[in-house]
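Note that the coordinates shown come from a computational prediction; the quantities given were computed from them, not determined experimentally.
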Amino acid sequence: MTAPDSFHNPFAPPTHQSDVRVATDDSSFTIERYRILCHSNAIELPRVCVRTGDTDDLIIRQQTLKSRPLASNVALVLTFGLILTLLLSGVLGWLFGIASLFAFVVIYAAVTLLTQRRITVTWYVARRYRNRIWLTKLGGFLILTFALGLFASVVWQNATGLITCLSVGAAGGLAFNPERGMKLALLKAGDALVVKGHTLRFYNAVTG
């Protein structure tokens, strides 16, 4: 005779597991489709490229991610805006205004120290993805340098302006980094920090 708890309803909707607990010694994180819940201040993701889902020829990445709670950011922005508005409108004297800005810097440092969340994340990217990123970076460098150089040659028509714009374009091109890494979200999920930046390919490779 079939036990009551083994009854199967053929009309019941299919169940779907929306996340997977990665097998680690300390169960320090949970991987979900759109986020990773972190229960530790340092985690290492599986040896799978977070962008392509590849498991071979990987390059390690490690970074200490930082963020402040949304309420702290809003309070700091409003405070700075209020001080700046009072200073520019002449309500505050320049001496008192400078003192207020200095006090804001101290408050900013204190709020950051007390409320900033930090987590060290180690992840992996495939070498073919890294090589594609380098090509994108090179293309951005060449396009930006050429565009600013052309702009300078049309507007100023002198060597100084051309050299200046070429230098700015080159610096901007070198600083351009299209590689997408992991990011620490502003909001928490219960007691867990939320990290984002992985793709569906990574999720499928880990859960499959």
Side-chain angles (χ1 to χ4, degrees), residues 13-55 58-86 100-126 129-130 132-133 136-137 140 175-208:
T15 59
H16 175 68
Q17 186 176 359
S18 61
D19 56 27
V20 57
R21 174 76 62 177
V22 177
T24 60
D25 294 337
D26 56 359
S27 298
S28 60
F29 58 91
T30 303
I31 296 179
E32 296 182 355
R33 168 62 188 93
Y34 296 104
R35 61 183 185 175
I36 298 174
L37 305 181
C38 306
H39 310 283
S40 173
N41 59 3
I43 66 169
E44 180 176 356
L45 297 181
R47 295 182 63 86
V48 178
C49 175
V50 296
R51 304 305 306 170
T52 66
D54 291 349
T55 56
L58 301 177
I59 301 172
I60 192 171
R61 294 281 191 261
Q62 186 179 74
Q63 186 178 355
T64 298
L65 309 179
K66 305 174 183 178
S67 75
R68 286 187 303 268
L70 182 60
S72 298
N73 288 337
V74 171
L76 288 173
V77 169
L78 292 178
T79 302
F80 179 76
L82 177 61
I83 294 175
L84 190 61
T85 300
L86 294 176
S100 299
L101 290 176
F102 177 78
F104 173 79
V105 172
V106 175
I107 294 173
Y108 180 92
V111 170
T112 299
L113 179 64
L114 294 175
T115 66
Q116 187 178 63
R117 302 159 182 160
R118 300 164 59 94
I119 181 172
T120 300
V121 180
T122 302
W123 70 93
Y124 298 87
V125 295
Y129 170 74
R130 195 282 309 268
R132 187 168 72 242
I133 290 301
T136 305
K137 183 180 178 69
F176 173 59
N177 182 19
E179 180 176 331
R180 296 183 59 185
M182 307 304 294
K183 304 295 182 183
L184 181 58
L186 292 177
L187 300 177
K188 297 177 66 176
D191 62 345
L193 298 178
V194 178
V195 171
K196 297 183 178 182
H198 61 293
T199 64
L200 177 61
R201 294 178 180 177
F202 170 83
Y203 177 76
N204 288 339
V206 172
T207 58

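Residues satisfying the side-chain hydrogen bond (donor to acceptor under 3.5 Å, both in side chains) criterion with T52, sequence neighbours excluded, are D54. Residues satisfying the side-chain contact (heavy atoms from CB on, under 4.5 Å) test with L113, not counting sequence neighbours, are none. Residues meeting the ring-ring contact (aromatic ring centres under 6.0 Å, His included) test with Y108, sequence neighbours left out: none. Shown here are the side-chain hydrogen bond (donor to acceptor under 3.5 Å, both in side chains) partners of T79, two or more places apart in sequence or in another chain: there are none. For T199, the side-chain contact (heavy atoms from CB on, under 4.5 Å) partners at least two apart in sequence or on another chain are R51, R201, F202. With sequence neighbours left out, N73 forms a side-chain hydrogen bond (donor to acceptor under 3.5 Å, both in side chains) with R68. Looking at residues two or more places apart in sequence or on another chain, you find no side-chain hydrogen bond (donor to acceptor under 3.5 Å, both in side chains) involving R130. Residues forming a side-chain contact (heavy atoms from CB on, under 4.5 Å) with Q62 (at least two apart in sequence, or on another chain): T120, T122. Remark: R117 pairs with no residue by the salt bridge (charged side-chain N to carboxylate O under 4.0 Å, His left out) rule, at least two apart or across chains. Taking the side-chain contact (heavy atoms from CB on, under 4.5 Å) definition, one finds that Y34 meets it with nothing, sequence neighbours left out.
Shown here for I119 and S40, the closest heavy-atom pair between the two residues is CD1-O, 3.3 Å. What you find for G53 and A205 is that their closest heavy atoms are O-CB, 3.7 Å.
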Evaluate I59 against Y129 for side-chain contact (heavy atoms from CB on, under 4.5 Å), listing each step before the verdict. CA-CA 10 Å; I59 301 172; Y129 170 74; over 6 Å; no
Criterion side-chain contact (heavy atoms from CB on, under 4.5 Å) on V121 and Q63, from CA distance to verdict: CA-CA 6 Å; V121 180; Q63 186 178 355; over 6 Å; no
Please report, to 0.1 Å, the donor-acceptor pairs under 3.5 Å made by any side chain of residues 178-196, with sequence neighbours excluded.
unit_1: E179; atom_1: OE1; unit_2: R61; atom_2: NH2; d: 3.2
unit_1: E179; atom_1: OE2; unit_2: R61; atom_2: NE; d: 2.9

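In this structure, the separation between CD1 on I107 and CG on L101 is 11.0 Å, given to the nearest 0.5 Å. A distance of 8.0 Å separates CD1 of I31 from CD1 of I43, quoted to the nearest 0.5 Å.
In the model, Y124 has a side-chain atom that pairs as donor or acceptor with a side-chain atom of R47 under 3.5 Å.
Between L76 and F80, every side-chain heavy-atom pair lies at or beyond the 4.5 Å cut-off.
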